[in-house]
Visitor: 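A single structure is presented below for examination.
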Amino acid sequence: MALTGLLCAVLALAAVQIVNAVPQHSKRFACADGHTTSNEVCCQLFPLVDQLQSDLFDGGECGEEAHESLRLTFHDAIGFSPTKGGGGADGSIIVFSDIETAFHANGGIDDIVDAQKQFMASHNVTINPGDFIQLAGAVGVSNCPGAPRLEFLFGRPPPAAASPDLLIPEPFDTIDTILARFSDAGFNASEVVALLGSHTVAAADTIDTTIPGTPFDSTPGLFDTQVFIEVQMRGILFPGTGGNQGEVESPVPGEIRLQSDSELARDSRTACDWQSFANNQAGFQTAFRAAMQKMAIIGHDRNSLVDCSDVIPIPEPLPATAGPHLLPDTVQGDIEQACATAPFPVLAALPGPATSVAPVPPS
């Protein structure tokens with residue numbers, strides 16, 4: 001390996017280690033079960049994490065429940081506005097589920113809400129639902145190779161009321177509308193792109209109900225950068241019926257593309273941020289973790305919460321065979337360049353003929 005290549009590899013490894021690190025505190029507490037943690041109040045969470053892994057996430061899989069639990073962290077938290085109300089990441093979507101799961105933007109989220117409510121009841125979970133939602137999301141995404149180890153802060157109070165409707169962005173919203181909604185909640189355009197990178201481990205059940213479990217990229221079991229590459233490719237088909245609200249053509253069979261993702265990848269305000277992650281796994285990890293830190297405590301004072309990040313499992317790295325690539329039987333010319341200040345990185349296509357992306361199987 002050339003010196004420059006070796007240096008890049010060392011820097012990338014260091015960045016991954018930093019992203020997955022937990023802040024070291026001067027004092028550690030020994031829990032009764034043998035774990036150590038920065039605060040003794042966190043000891044109660046280790047058994048809960050084990051139960052989540054075994055009973056909700058099918059033994060620690062990056063599967064449907066992990067994907068949906070990550071989605072739920074966002075849908076609970078973004079229900080906040082300084083002028084319109086909402087408590088943010090407070091668990092209102094669980095406590096007031098009869099109201100909030102009926103919102104159009106929450107279509108299909110009732111399944112994971114019900115699953116988490118049943119889990120909390122059957123396991124006698126005593127922590128507040130806002131904490132539980134964020135804990136489950138952080139644990140779930142830790143099962144996806146390539147993910148950063150997310151921060152988890154503990155101690156959110158219970159929700160006082162349901163979030164108002166129309167605070168959750170929809171895939172058919174204009175980019176002006178989406179950026180304005182996020183700005184109202186405290187996020188800039190770069191942070192929006194980083195958060196929507198969560199679509200790398202996501203699938204759609206309700207955009208086209210004829211094809212549930214259709215992923216947004218070809219590697220839904222890996223927290224990689226393929227979503228930033230494949231959304232930038234020329235759309236040629238609909239994977240199912242087509243013509244559905246919030247959907248535009250995707251590049252290959254079996255893959256669905258949200259209108260909002262497509263337009264963010266091509267809008268002058270966000271295109272370069274989108275492109276910047278295409279072949280930058282470490283940069284994506286860092287930006288996603290930082291944006292999630294901010295999102296997970298919307299509506300709360302950080303100083304009033306306890307850092308229990310050391311209860312979150314350390315994700316596995318991406319397999320050695322993974323890496324940014326074009327899809328089989330595609331070429332660099334299939335990328336629709338949108339960033340005005342830098343070319344899209346040159347990538348090789350996977351060998352072999354074009355294939356259909358498999359759906360994410362139900363648990």
Side-chain angles (χ1 to χ4, degrees), residues 16-63 65-70 72-73 76-77 88-95 112-145 147-159 223 289 292-293 295-297 299-317 363:
V16 171
Q17 291 172 334
I18 291 170
V19 166
N20 286 330
V22 169
Q24 294 300 308
H25 301 268
S26 58
K27 187 174 183 180
R28 305 288 291 173
F29 292 87
C31 304
D33 61 4
H35 289 99
T36 60
T37 178
S38 60
N39 192 304
E40 59 185 336
V41 74
C42 306
C43 288
Q44 64 185 294
L45 300 176
F46 287 105
L48 179 56
V49 168
D50 290 342
Q51 292 170 338
L52 280 167
Q53 291 286 54
S54 63
D55 298 346
L56 185 63
F57 299 133
D58 303 316
E61 291 185 357
C62 181
E65 282 78 12
H67 299 172
E68 289 298 312
S69 291
L70 180 58
L72 187 59
T73 65
D76 185 49
D90 61 356
S92 66
I93 199 168
I94 279 182
V95 175
I112 191 61
V113 167
D114 289 345
Q116 289 198 10
K117 287 172 69 173
Q118 291 171 15
F119 179 97
M120 293 179 74
S122 63
H123 291 78
N124 298 314
V125 174
T126 57
I127 70 173
N128 284 329
D131 281 337
F132 182 80
I133 287 173
Q134 297 302 323
L135 177 66
V139 173
V141 79
S142 77
N143 295 327
C144 302
R149 190 187 197 188
L150 297 183
E151 178 182 71
F152 174 68
L153 302 185
F154 181 52
R156 296 163 184 79
F223 195 94
R289 187 177 194 273
M292 286 291 290
Q293 280 181 309
M295 188 208 71
I297 58 170
H300 304 285
D301 176 8
R302 182 182 185 88
N303 294 325
S304 69
L305 303 175
V306 177
D307 189 350
C308 290
S309 301
D310 44 18
V311 308
I312 305 302
I314 298 175
E316 294 291 329
S363 178

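These figures come from a predicted structure and were not determined experimentally.
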Visitor: Could you tell me whether the side chain of F152 reaches within less than 4.5 Å of the side chain of D131, counting heavy atoms only?
Guide: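 Yes, close enough: below the 4.5 Å cut-off.
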
Visitor: For D307 and N39, what are the C-alpha separation, side-chain angles and deciding distance, and is it a side chain to side chain contact (heavy atoms under 4.5 Å, CB included)?
Guide: CA-CA 8 Å; D307 189 350; N39 192 304; over 6 Å; no

Visitor: Report yes if some heavy atom in the side chain of C43 is under 4.5 Å from a heavy atom in the side chain of T37; otherwise report no.
Guide: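 Answer yes - side chains close enough.
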
Visitor: Between S142 and Q53, which heavy-atom pair has the shortest distance, and what is it?
Guide: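 Scanning both residues completely, I find the closest heavy atoms to be OG-NE2, 4.3 Å.
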
Visitor: Are Q44 and C31 packed together at the side-chain level, in the sense that at least one heavy-atom pair is separated by less than 4.5 angstrom?
Guide: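 SC-SC contact between Q44 and C31 ruled out.
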
Visitor: What I want to find out is whether R156 reaches D90 closely enough, with some N-O distance under 4.0 Å, to be called a salt bridge.
Guide: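 So R156 does not pair with D90 through a salt bridge.
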
Visitor: Atom CZ in F46, atom OG1 in T36: separation rounded to 0.5 Å?
Guide: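 F46 atom CZ to T36 atom OG1 measures 6.5 Å (nearest 0.5 Å).
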
Visitor: Once you round to the nearest 0.5 Å, how far does CD of E151 lie from CZ of R302?
Guide: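 Going from CD on E151 over to CZ on R302, the span is 4.0 Å.
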
Visitor: For Q134 and A89, work out which heavy atoms get closest and say how close.
Guide: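 So the minimum-distance heavy-atom pair works out to NE2-CB, 3.8 Å.
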
Visitor: S122 versus D55: any side-chain heavy-atom pair under 4.5 Å?
Guide: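 S122 does not reach D55 side chain to side chain.
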
Visitor: Is the closest side-chain heavy-atom distance between V95 and P158 below 4.5 Å?
Guide: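 No, every pair of side-chain atoms sits at 4.5 Å or beyond.
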
Visitor: Return the minimal non-hydrogen interatomic distance between E61 and D58, and the atom names on each side.
Guide: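 In this case the closest contact between E61 and D58 is CG-O, 3.6 Å.
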
Visitor: What I'd like to find out is whether the side chain of L135 reaches to under 4.5 Å of the side chain of V49, using heavy atoms alone.
Guide: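 Side chain of L135 against side chain of V49, heavy atoms only: contact under 4.5 Å found.
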
Visitor: For the CD1 atom of I112 and the NZ atom of K117, what is their distance to the nearest 0.5 Å?
Guide: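 If I round to the nearest 0.5 Å, the distance is 12.5 Å.
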
Visitor: Once rounded to the nearest 0.5 Å, what's the spacing between atom CD of Q51 and atom CE of M120?
Guide: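 So the CD of Q51 and the CE of M120 are separated by 12.0 Å.
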
Visitor: Treating N128 as the side-chain partner and G91 as the backbone partner, does any N or O pair qualify as donor plus acceptor under 3.5 Å?
Guide: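 It does not hold such a pair.
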
Visitor: Give yes when the SG atoms of C42 and C308 are nearer than 2.5 Å, otherwise give no.
Guide: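 C42 pairs with C308 as a disulfide (SG atoms under 2.5 Å apart), so yes.
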
Visitor: Grab the two heavy atoms, one from P148 and one from P315, that are nearest each other, plus how far apart they are.
Guide: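 Between these two residues, the closest heavy atoms are O-CG, 3.7 Å.
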
Visitor: Taking all non-hydrogen atoms of both residues, which atom of S69 and which atom of F57 are closest, and how far apart?
Guide: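 Heavy atoms of S69 and F57 come nearest at OG-CE2, 3.6 Å.
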
Visitor: Kindly check if the number of other-residue, nucleotide or ligand heavy atoms within 6.0 Å of CD (Q293) is above 12?
Guide: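 Atom CD in Q293 is crowded, with more than 12 foreign heavy atoms closer than 6.0 Å.
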
Visitor: For a 4.5 angstrom cut-off between non-hydrogen side-chain atoms, does I94 reach D76?
Guide: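 In short, these two side chains do not touch, never coming nearer than 4.5 Å.
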
Visitor: Taking the side chain as everything from C-beta on, heavy atoms only, tell me whether R149 gets closer than 4.5 Å to S309.
Guide: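 With C-beta onward as the side chain, the pair stays apart.
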
Visitor: How close do F119 and L52 get, counting heavy atoms only, and between which atoms?
Guide: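 That closest heavy-atom pairing would be CZ-N, 3.7 Å.
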
Visitor: Does T73 use its side chain to pair, donor to acceptor, with the backbone of L70 at less than 3.5 Å?
Guide: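 Yes, T73 side chain to L70 backbone: donor-acceptor pair under 3.5 Å.
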
Visitor: Measure from the side-chain N and O atoms of H123 to the backbone N and O of L48, and report whether any donor-acceptor pair falls under 3.5 Å.
Guide: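 Not a single qualifying donor-acceptor pair exists.
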
Visitor: Assess whether side chain to side chain contact (heavy atoms under 4.5 Å, CB included) is satisfied between I312 and V139, documenting all intermediate values.
Guide: CA-CA 6 Å; I312 305 302; V139 173; 4.0 Å; yes

Visitor: Calculate, to the nearest 0.5 Å, the distance between atoms CG and CD belonging to N143 and E65 respectively.
Guide: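 Rounded to the nearest 0.5 Å, the CG-CD separation comes to 11.0 Å.
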
